[in-house]
Amino acid sequence: MVKEVVVRFGDRLQPSPARFKRLMRGRTVISVERRAKLLRLRLSGGWNLFVHLKMTGRLLLKRSGSIPTKHTHLVFRLSGRRELHWEDVRKFGYMKALPDAQAETWLAGQDFGPEPLRTGFTWRSFAMCLRNHPKAQIKPLLLRQDCIAGIGNIYATEALWSARIHPLRRVERLSDKDLRRLHRAVTSVLRRAVKAGGTSADDYLDIFGEEGGFVPQLKVYGREGRKCRRCRGLLRKMRIGGRGTVICPTCQKKG
DNA sequence: CGTTAGCCCTGCTGGC
DNA sequence: TGCCAGCAGGGCTAAC
């Protein structure tokens, strides 16, 4: 139960800090869900708290009286001598509180594509989504949340290496066989990363402050200049749509 | 309609 | 405790 909210940086908060604090007080968290990279906490009394952590955001469960860091945006003081701290160095993330009806409308307006880890996400439905954009380059397309939801730069990079597909290949130049391999690669890398507790290549920590264990399983991300684990070729870093991308030029031919 | 560059912000790294 | 450009896991907006 939320006893009190202490706001230290309120500029990424909706509604305004005063209303937000009043609104949260006394509520309990009924469930935690995820849609794409957006967290949804269902709260008592028909309210919802949406949280986007973006790149450097963290939610940390701590004991009461824990000292906020330089980058702690706000603290939920909870019952049971606990606190939930929201930290975000780069201040890209946001929190948004909405009542049920508005929550659904707003979520629908986000226009998220299918969830790759949900049952029913077959390679055919994956192919359908991608083939809507025949001219698009595959990597920027994988990152578009309105095409497939929830894939970020690390996992797009990893999946393309795993499927032996060059990130700049256009969808129209990918065969069904390619898409089947890519579907397998995407679902596999996401499942393994979740199982390992996420990827703490930089800032990510889980709610207990623990790092994720997926970094040792990364095949290309952050390994530029080192050898490809499949062919021993030299991994190379390139820049696509402003995002760093590591490929194995031998395994991933533009073709 | 689609794609792309710029931008939000702070901190760290590597080259000089 | 050297300085500074460039880069970092995201995604919105404006411009073309």
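Chain letters run A, B, ... following the sequence lines, proteins first, then strands; residues in each count from 1.
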Requested in this report: Give the nucleotide from the list dT3(B), dG10(C), dC7(C) with an atom nearest to the side chain of R243(A).
Outcome: dG10(C)
Report task. Would you please confirm or rule out a distance under 4.0 Å between OP1 or OP2 of dG11(C) and any side-chain N or O of K54(A)? Result -> no
Query raised in the report: So, is the end of the R223(A) side chain (NZ or CZ) under 6.0 Å from the ring centre of W161(A) and within 45° of the ring's axis?
Result: no
Query raised in the report: If you look at every strand shown and take non-hydrogen atoms under 4.0 Å, does Y155(A) touch a base, only sugar-phosphate, or nothing?
Result: nothing
Query raised in the report: Distance between the P atoms of dC9(B) and dT13(C), in whole angstroms?
Result: 15 Å
Report task. Give a yes or no on whether the ring-centroid distance for F92(A) and H52(A) is below 6.0 angstrom. Result -> no
Query raised in the report: How long is the line joining CD1 of I240(A) and P of dT3(B), in whole Å?
Result: 15 Å
Query raised in the report: What does G244(A) touch in the nucleic acid at a heavy-atom separation under 4.0 angstrom: a base, only the sugar-phosphate, or nothing?
Result: sugar-phosphate
Requested in this report: Take the protein atom NZ of K96(A) and the nucleotide atom C1' of dC12(C), then report the distance between them rounded to whole Å.
Outcome: 13 Å
Requested in this report: Tell me whether F92(A) is stacked on the nucleobase of dC8(B), counting only the six-membered base ring and applying the 5.5 Å and 30° thresholds.
Outcome: yes
**Report entry** Residue closer to the 5' end of DNA chain B, Q137(A) versus K91(A) (nearest nucleotide)
**Finding:** Q137(A)
Report task. Provide, to the nearest angstrom, the distance between the CZ atom belonging to R58(A) and the P atom belonging to dG10(C). Result -> 16 Å
Query - Of the listed nucleotides dC7(C), dC12(C), dG11(B), the one nearest the side chain of R239(A) - result: dC7(C)
Query raised in the report: Could you go step by step and tell me if K96(A) and N48(A) meet the side chain to side chain donor-acceptor pair (under 3.5 Å) rule?
Result: CA-CA 8 Å; K96(A) 190 182 183 74; N48(A) 300 266; over 6 Å; no
Query raised in the report: At under 4.0 Å, does any side-chain N or O of H52(A) touch on OP1 or OP2 of dG11(C)?
Result: yes
Report task. Search all heavy atoms of R170(A) against all heavy atoms of K135(A) and return the closest pair with its distance. Result -> NH1-O, 2.6 Å
Requested in this report: Any chance you could lay out the side chain to side chain donor-acceptor pair (under 3.5 Å) test for Y221(A) and T199(A), step after step, and finish with the verdict?
Outcome: CA-CA 11 Å; Y221(A) 183 86; T199(A) 308; over 6 Å; no
Report task. Give one of base, sugar-phosphate or nothing for R144(A), where a contact means two heavy atoms less than 4.0 Å apart. Result -> sugar-phosphate
Query raised in the report: What is the distance from CD1 of I151(A) to P of dG10(C), rounded to the nearest Å?
Result: 11 Å
Report summary line: Here the distance between atom P of dC8(B) and atom NE2 of H73(A), to the nearest Å, is 16 Å
Query raised in the report: Reckon T56(A) touches a base, only the sugar-phosphate, or nothing at all at heavy-atom distances under 4.0 Å?
Result: nothing
Query raised in the report: So does K135(A) get a side-chain nitrogen or oxygen closer than 4.0 Å to the phosphate oxygens (OP1/OP2) of dT3(B)?
Result: no
Query - For atom NE2 of H133(A) and atom P of dT3(B), their distance in whole Å - result: 7 Å
Query raised in the report: Between H71(A) and dC9(B), does any side-chain N or O lie under 4.0 Å from OP1 or OP2?
Result: no
Query raised in the report: Can you check the L53(A) CG to dG11(C) P distance for me, whole Å?
Result: 11 Å
Query raised in the report: To the side chain of N153(A), which of dG11(B), dG10(C), dC9(B) is closest?
Result: dG10(C)
Query raised in the report: Between atom CG in L141(A) and atom C1' in dG2(B), what is the gap in whole Å?
Result: 12 Å
Report task. Find the partner of dG14(B): check Watson-Crick (N1-N3 plus N6-O4 or O6-N4) and G-U wobble (N1-O2, O6-N3) distances, both under 3.5 Å, and reply none if neither fits. Result -> dC4(C)
Query raised in the report: How about F76(A) and W86(A): are their ring centroids closer than 6.0 Å?
Result: no
